[in-house]
Amino acid sequence: MIEKCLFPVAGYGTRFLPATKSTAKEMLPIVNKPLLQYGVEEALAAGMNNCAFVTGRGKRAIADHFDISYELEHQISGTSKEKYLQGIRGVIDQGIFTMVRQREMKGLGHAILTGEPLIGDQAFGVLLADDLCMNQEGAGVLQQMSELYNQFRCSIVAVMEVPDDQISAYGVIAGEAMGDGLYRVDKMVEKPAAEEAPSNLAVIGRYILTPDIFDIIRTTPPGRNGEVQITDALQAQAQNGCVIAYKFKGRRFDCGSVPGFVEATNFVYENIYYDL
Ligand code: UTP
């Protein structure tokens with residue numbers, strides 16, 4: 001059973017400037033709920049009650065969001081507005097929230113390594129909150145992956161098919177099909193040119209990682225954009241051990257980009273949101 005989930009939330013979110021100048025991209029709301037809360041709720045639903053945030057400077061709102069706000073509680077307690085706090089109160093009661101700061105933004109691999117003291121020697125989930133995943137038909141994506149981990153006991157990456165003209169924005173896998181949307185990964189490339197992409201299967205922001213990944217990241221040199229890439233570490237892990245790619249069930253919205261953010265907002269407003 002996987003108990004911990006790491007949330008790298010230290011990035012600059014430059015594509016959302018000026019909104020992200022003094023607040024975290026992950027705190028931007030899709031309708032009335034911050035992106036990060038959707039992610040935390042997905043992790044909690046998968047049994048990962050221990051949520052570890054890798055934050056950075058100027059991200060204090062994240063710690064405050066997952067803590068009680070006495071002033072607000074006092075102000076609206078006993079009024080008709082109290083119901084609006086119930087959702088986040090349930091999340092706060094269920095989760096354990098820990099934090100570490102990434103001092104320099106040296107890439108996702110580096111952010112994950114920065115979270116090592118909060119994770120220790122056990123398999124863990126990684127959730128990038130700017131990838132919003134919804135599965136109205138059943139279990140959330142992290143829960144689907146956690147069940148696979150229990151079966152295979154190796155690292156798992158969530159993948160989806162993307163068109164050729166978008167593939168260069170992703171980490172891309174190649175591997176042998178194992179049936180049921182599963183692939184044994186033998187190659188991973190970060191942001192390849194369309195003609196060099198080994199497949200059309202792109203990695204999205206959901207991972208289950210075995211703890212040997214920390215030692216692998218420590219020896220992974222900076223790659224694309226001079227950043228320590230988790231894709232490169234996973235490529236090494238796939239060579240020595242086992243990494244499985246999983247075509248998840250559900251929809252994913254790229255909320256790190258403005259069009260994806262707007263699409264998610266419309267989807268949630270039309271299908272998920274209701275006024276209490
Ligand atoms: P992105 O590259 O999509 O996020 O990283 P960004 O850098 O915040 O966005 P732009 O490109 O400037 O608009 C994917 C995820 O990894 C985290 C980010 O917070 C985001 O959730 N990340 C990335 C870190 O925590 N640390 C890093 O050094 C890099």
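Read the numbers this way: they start at 1 and go in the same order the structure lists the ligands and their atoms. Since the model is a prediction, treat every value here as computed from it, not as a measurement.
Between Phe53 and Phe97, the ring planes lie parallel to each other; the angle is under 30°, not in the 30° to 60° tilted range. Ring orientation note: the planes of Phe267 and Phe253 are tilted relative to one another, at an angle of 30° to 60°.
One finds no salt bridge joining Glu196 and Lys191 here, because no Lys/Arg side-chain nitrogen approaches an Asp/Glu carboxylate oxygen to under 4.0 Å. A salt bridge links Lys25 with Asp130: the distance from a Lys NZ or Arg NE/NH1/NH2 to an Asp or Glu carboxylate oxygen falls below 4.0 Å. A salt bridge does not link Glu137 with Arg251: every distance from a Lys NZ or Arg NE/NH1/NH2 to an Asp or Glu carboxylate oxygen is 4.0 Å or more. Between Arg218 and Glu116 there is a salt bridge, with a side-chain nitrogen of the basic residue lying less than 4.0 Å from a carboxylate oxygen of the acidic one.
The contact set between ligand 1 and Val9, taken as ligand atoms under 4.0 Å from a residue heavy atom, comprises 19 (O), 25 (O). Atoms of ligand 1 lying under 4.0 Å from any heavy atom of Arg15, numbered from 1 in the order shown and given with element: 3 (O), 9 (O), 10 (P), 11 (O), 13 (O). Short contacts between ligand 1 and Leu108, defined as distances under 4.0 Å to a heavy atom of the residue, involve ligand atoms 16 (O), 29 (C). Listed by number with element, the atoms of ligand 1 under 4.0 Å from a non-hydrogen atom of Gly11 are 8 (O), 18 (C), 19 (O), 22 (N), 24 (C), 25 (O).
Per the SG-SG cut-off, Cys154 and Cys242 are bridged by a disulfide [distance under 2.5 Å].
Not a single heavy atom of Gly256 sits closer than 4.0 Å to an atom of ligand 1. Taking a 4.0 Å cut-off on heavy atoms, Glu26 registers as neighbouring ligand 1. Ligand 1 has at least one atom lying under 4.0 Å from a heavy atom of Lys25.
Nearest-heavy-atom check against atom 28 (O) of ligand 1 across Cys255, Ala111, Gly107 picks out Gly107. Comparing Gln102, Met105, Lys106 against atom 26 (N) of ligand 1, the shortest heavy-atom distance belongs to Gln102.
Taking a distance limit of 4.0 Å, we find that atom 5 (O) of ligand 1 is approached by no protein heavy atom. For atom 2 (O) of ligand 1, the nearest protein heavy atom is 4.0 Å or more away.
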